[in-house]
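In what follows, a single structure is set out as structure tokens and then discussed.
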Amino acid sequence: MGHRITSVLSALNIARSTYYQWKNWHPSQQETRRNALKTAIKAVYNTNQSRLQHQSWDLWLPTHRRIFTVHFEH
């Protein structure tokens, strides 16, 4: 198996280290927090979509220990 991937990487002119770096990649803590924030905001929006036209809400997110102001406009 290792020989096959080496051949493919060589044909594509990609270093093996680049491939293994990509293969073993994990999101950073900051990216994980941002994704959780996006998910929380989308959930609030989807639950309250009819009431959110031209409003702004302050959301307390315990995972971030702070308040975010979200503006909804249609």
Legend entry - S10 side chain to T6 backbone, donor-acceptor under 3.5 Å: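 Looks like no, no N/O pair under 3.5 Å.
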Legend entry - Nearest-0.5 Å distance, CD of residue Q30 to CZ of residue R34: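 Interatomic distance, Q30 CD to R34 CZ, rounded to 0.5 Å: 4.0 Å.
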Inset, instruction - Enter the distance from T39:OG1 to N35:CG here, rounded to the nearest 0.5 Å. - result: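 Answer rounded to 0.5 Å: 6.5 Å.
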Inset, instruction - Using a cut-off of 6.0 Å, state whether more than 12 heavy atoms not belonging to E31 lie near its atom CD. - result: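 Enclosed.
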Legend entry - Residues which pass side chain to side chain contact (heavy atoms under 4.5 Å, CB included) with I14, listed by chain and number, not counting sequence neighbours: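 So I14 forms a side chain to side chain contact (heavy atoms under 4.5 Å, CB included) with L9, L12, T18.
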